[in-house]
Enquirer: 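First the structure, which I've put down as structure tokens, then a few questions once you've had a look.
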Protein chains: 2
Amino acid sequence: MKKPTIKDVAKVAGVSAAAVSYALNGRTDKVSNETIERIKGIIETLNYKPDFSARSLVKNQSKLIGIVIPQTESHKQLILENPFYSEMISGIEGKLREYGYHLLLSGVNQGESYLDLSIQRNLDGAIMMGIYPEQFYDGFKKINIPIVLIDSYINDNYFKRIGIDDEYGGYLATKYLIDKGHSNIGLVTGAIRKDGVVEKRFLGYKRAIREANFFYNPDYVFEESMSYEHGMAAGQLIAKKFPEITAVFATGDMVAFGAIRSLVDQGKKVPEDISVIGFDDITMSKMFIPPLTTIRQNITEKGAIAAEHLINMIQGGVEQEANEIMLPLTIVERATVKVKE
Amino acid sequence: MKKPTIKDVAKVAGVSAAAVSYALNGRTDKVSNETIERIKGIIETLNYKPDFSARSLVKNQSKLIGIVIPQTESHKQLILENPFYSEMISGIEGKLREYGYHLLLSGVNQGESYLDLSIQRNLDGAIMMGIYPEQFYDGFKKINIPIVLIDSYINDNYFKRIGIDDEYGGYLATKYLIDKGHSNIGLVTGAIRKDGVVEKRFLGYKRAIREANFFYNPDYVFEESMSYEHGMAAGQLIAKKFPEITAVFATGDMVAFGAIRSLVDQGKKVPEDISVIGFDDITMSKMFIPPLTTIRQNITEKGAIAAEHLINMIQGGVEQEANEIMLPLTIVERATVKVKE
DNA sequence: TTGTACGCGTTATCAC
DNA sequence: GTGATAACGCGTACAA
């Protein structure tokens, strides 16, 4: 059983293919209402659905949206095991679908480029999470594909940016620890890179420290990667070499989990001996034992909003809105931070 | 700057579009080697990439693979926040890309069907995780789209199945607890449905119980949904109403997390007071505190293998292999099970 | 090697 | 106002 084409419908209806097309698109100015009804009935009966490829060719729009997320170094896999990304994708996909778009989820092979993929698949737009080398962005500008950037501080009006105030978040987390009486506060974090969110969170950390007139000690900054493993390594270091540290701000929840884990393994109690605050509030954070105190952002909604704005750009709506959108941030107090005695 | 088409290349090369097409596809029998070289050079220079939509139309293959995963009840979102699915997708996507396929990630709106989507997008194949109403599968058979089923016991040779021996896994987990001296063993689980994995794990549980000549007590089976929340609810019940239960087999790691959490909240110690074993070994399980003892399957690899077999079906390789593939299972001992004193 | 028809749907043009 | 005809978008594959 092969799928019906527009011609099949036309034949059955005794009209031209063009008429069917008009009926499909509701062009009442081209076909009378009653024939539209009749054609629609036949479309139902045959269960005819227009082919996206054909449409993509003629209308030059694929109804396909790409999504770019970081990959493992080998370039082999998307890092979806990081719940932060998968929760976001969940939000993106739902919203796209609501508007009749579909999501193409693909990484990039060694030596190939996402830009080529976008061109070949005729992507109507793309959402990028994280930051990439500058030239990466340029290509999209040249061929004029609408792009929404999530969690990036790339300053270019071509792109729409969705994010949070990471500096403030970093400040909030650190200030919270300070208010609880801590003064020697470690920072466990992924790579601090220009235009990235981590840099801003780091800046917020420093601001809070300075504002409290504490000494900013670079030795207390444990920077490497946004991973559980790095959290573990840093936690171990802290337990062994920096017993004066009584609180830790981890710039991502996964990192916080790792830190807590190795701290506990080293015989430290969280939060009794050492407090830990995370960032993001991934789903897992409330399930963790002890439940993680963290800076919360609504990840799924962030994705949905990014999708919504991308569609707006594509459909060229009014969209003279700001091209940077900041989502709110809250602190959620759970069980990993305690007042210093 | 608009993208070059095959005609642009042809014009520059001073040949016909057909020649370019042949050059692209390496048809040395149709075009001389030297012109192929020359054309390829020009393709490089212009950075020409063939359009997937056009190809899809004429070759009737989209190089697009669909993936079906369960959705929230509102039909609004994919449940990607369940790491089990996202890890699997990671494995699937990587393998597909290796073979030149891309992944279309989409849920289904209320009142629409995945089958229609598959037809409209001309999907070359699809991977389905979990189980669905029977009619769901029939459509794909009719239009002859290759399908790989992950974690399903649907018995139909049209489909290729990738899974594990869930009955054995359930047996293994339960037997492990029994060997540790436990006899009152609770089962906390998602819905037990025909042809689903949970049913088999449940059967394995019963087999181990009976084999040990223990009494199978239906009251010890806490069945609802494969969620953290249900784990919590069940853990609470156990702590309050079934103090004689000294060990729990949770048929999914997320459920185990929930159970442990509420057990701990009720003042029980894991594993001192009560042991818990999970199933799947999602990434999070080794990060959990205490690290979860669980039945391990290689989730990412499972996805990769499913992708590989799907491609095999599509490309019609030799593939007279078995059409059911069972991946190995191991038990990983961490810190949530203890010998009963 | 090349011209050309084709796959499917859209839209501008033309006829009644 | 209703409708049909035909050209087009891009790449492929057959006949010439």
Side-chain angles (χ1 to χ4, degrees), chain A residues 2-40 42-43 46-64 100 116 118-124 143, chain B residues 2-40 42-43 46-64 100 116 118-124 143:
Chain A
K2 66 178 205 308
K3 69 172 176 179
T5 73
I6 200 168
K7 283 178 195 157
D8 297 324
V9 178
K11 202 171 295 173
V12 175
V15 297
S16 72
V20 178
S21 176
Y22 291 132
L24 258 173
N25 299 302
R27 317 273 282 114
T28 46
D29 53 325
K30 306 294 276 178
V31 187
S32 75
N33 265 319
E34 38 179 322
T35 31
I36 287 189
E37 285 313 314
R38 197 163 49 82
I39 292 173
K40 281 196 170 168
I42 292 170
I43 287 176
L46 298 185
N47 192 29
Y48 163 75
K49 306 277 171 187
D51 183 297
F52 273 98
S53 296
R55 274 200 169 156
S56 172
L57 259 189
V58 51
K59 305 229 286 191
N60 216 31
Q61 54 163 354
S62 59
K63 293 282 177 181
L64 221 43
D116 289 340
S118 310
I119 294 175
Q120 293 193 73
R121 286 282 182 199
N122 233 306
L123 298 189
D124 288 349
I143 59 169
Chain B
K2 67 179 203 309
K3 70 170 174 179
T5 74
I6 201 168
K7 284 179 194 156
D8 297 323
V9 178
K11 202 171 295 173
V12 175
V15 296
S16 73
V20 178
S21 176
Y22 290 133
L24 258 172
N25 298 303
R27 316 275 280 116
T28 45
D29 53 323
K30 308 294 273 176
V31 187
S32 77
N33 262 319
E34 40 179 322
T35 32
I36 287 190
E37 284 315 312
R38 197 162 51 80
I39 291 172
K40 281 198 171 168
I42 293 170
I43 287 176
L46 298 185
N47 192 30
Y48 163 74
K49 307 275 172 189
D51 183 299
F52 273 95
S53 297
R55 275 200 170 155
S56 173
L57 259 189
V58 52
K59 305 230 285 193
N60 217 30
Q61 55 163 357
S62 60
K63 293 283 177 180
L64 222 43
D116 288 340
S118 310
I119 295 175
Q120 294 194 71
R121 286 283 181 196
N122 232 305
L123 298 189
D124 289 349
I143 59 168

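Just the heavy atoms: all of them, side chains too, but no hydrogens, waters or symmetry mates, feed the values below. Just so it is clear: chains get the letters A, B, ... in the order the sequence lines come, proteins before strands, and each one is counted from 1.
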Enquirer: Would you say the side-chain atoms of Ser62(B) pair up with the backbone N or O of Asn122(B), donor to acceptor, closer than 3.5 Å?
Expert: yes

Enquirer: What's touching nucleotides 13-16 of chain C from the protein side, N or O pairs under 3.5 Å?
Expert:
| unit_1 | atom_1 | unit_2 | atom_2 | d |
| --- | --- | --- | --- | --- |
| dT13(C) | O4 | Lys30(A) | NZ | 3.4 |

Enquirer: Write down the distance between CZ (Arg121(A)) and P (dC10(D)), rounded to a whole number of angstrom.
Expert: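 Value for this atom pair: 17 Å.
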
Enquirer: Any chance you could measure Gln120(A), atom CD, to Leu123(A), atom CG, to the nearest 0.5 Å?
Expert: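 Reported to 0.5 Å precision, the distance equals 10.0 Å.
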
Enquirer: Find the distance Asn122(B):CG to dG11(D):C1' and express it as a whole number of Å.
Expert: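 These atoms are roughly 15 Å apart.
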
Enquirer: Indicate, with a heavy-atom threshold strictly under 4.0 Å, whether Ser56(B) touches base, sugar-phosphate, or nothing.
Expert: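 Ser56(B): no heavy atom of the nucleic acid under 4.0 Å.
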
Enquirer: Do any side-chain nitrogens or oxygens of Thr35(A) fall under 4.0 Å of OP1 or OP2 in dG3(D)?
Expert: yes

Enquirer: Within 45° of the six-membered ring axis of Phe52(A) and under 6.0 Å from that ring's centre, is NZ or CZ of Arg121(B) located there?
Expert: yes

Enquirer: Leu24(B) versus Tyr48(B): any side-chain heavy-atom pair under 4.5 Å?
Expert: yes

Enquirer: Mind calculating the distance between CZ (Arg27(B)) and P (dA15(D)) to the nearest angstrom?
Expert: 13 Å

Enquirer: Heavy atoms under 4.0 Å, any strand shown: does Ala18(A) hit a base, just sugar-phosphate, or nothing?
Expert: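 Contact class for Ala18(A): base.
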
Enquirer: Write down the atom of Ser53(B), the atom of Ser56(A), and the distance for their closest heavy-atom approach.
Expert: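 So the two residues come closest at OG-OG, 3.0 Å.
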
Enquirer: Return the value, rounded to whole Å, for the distance between atom NZ of Lys59(A) and atom C1' of dA12(C).
Expert: 15 Å

Enquirer: If you compare all heavy atoms of Lys3(A) against all heavy atoms of Asp8(A), which two are closest, and at what distance to 0.1 Å?
Expert: O-OD2, 4.2 Å

Enquirer: Each nucleotide N or O in nucleotides 7-9 of chain C that has a protein N or O under 3.5 Å away: list the pair and distance.
Expert:
| unit_1 | atom_1 | unit_2 | atom_2 | d |
| --- | --- | --- | --- | --- |
| dG9(C) | OP1 | Tyr48(A) | OH | 2.8 |
| dG9(C) | OP1 | Asp51(A) | N | 3.1 |
| dG9(C) | OP2 | Ile6(A) | N | 2.5 |
| dG9(C) | O5' | Tyr48(A) | OH | 3.2 |

Enquirer: Just how far is it from atom CD of Glu34(B) to atom CD1 of Ile39(B), taken to the nearest 0.5 Å?
Expert: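 With rounding to 0.5 Å, CD (Glu34(B)) is 11.0 Å from CD1 (Ile39(B)).
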
Enquirer: Nearest-Å distance, NZ (Lys11(B)) to P (dG3(C))?
Expert: 13 Å

Enquirer: Are the side chains of Asn47(A) and Asp116(B) in touch, meaning some heavy atoms are under 4.5 Å apart?
Expert: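 With C-beta onward as the side chain, the pair touches.
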
Enquirer: What's the separation between atom CG in Asn25(B) and atom NZ in Lys30(B), rounded to the nearest 0.5 Å?
Expert: 12.0 Å

Enquirer: Base, sugar-phosphate or nothing for Val15(A)? Non-hydrogen atoms, less than 4.0 Å.
Expert: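 Contact class for Val15(A): sugar-phosphate only.
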
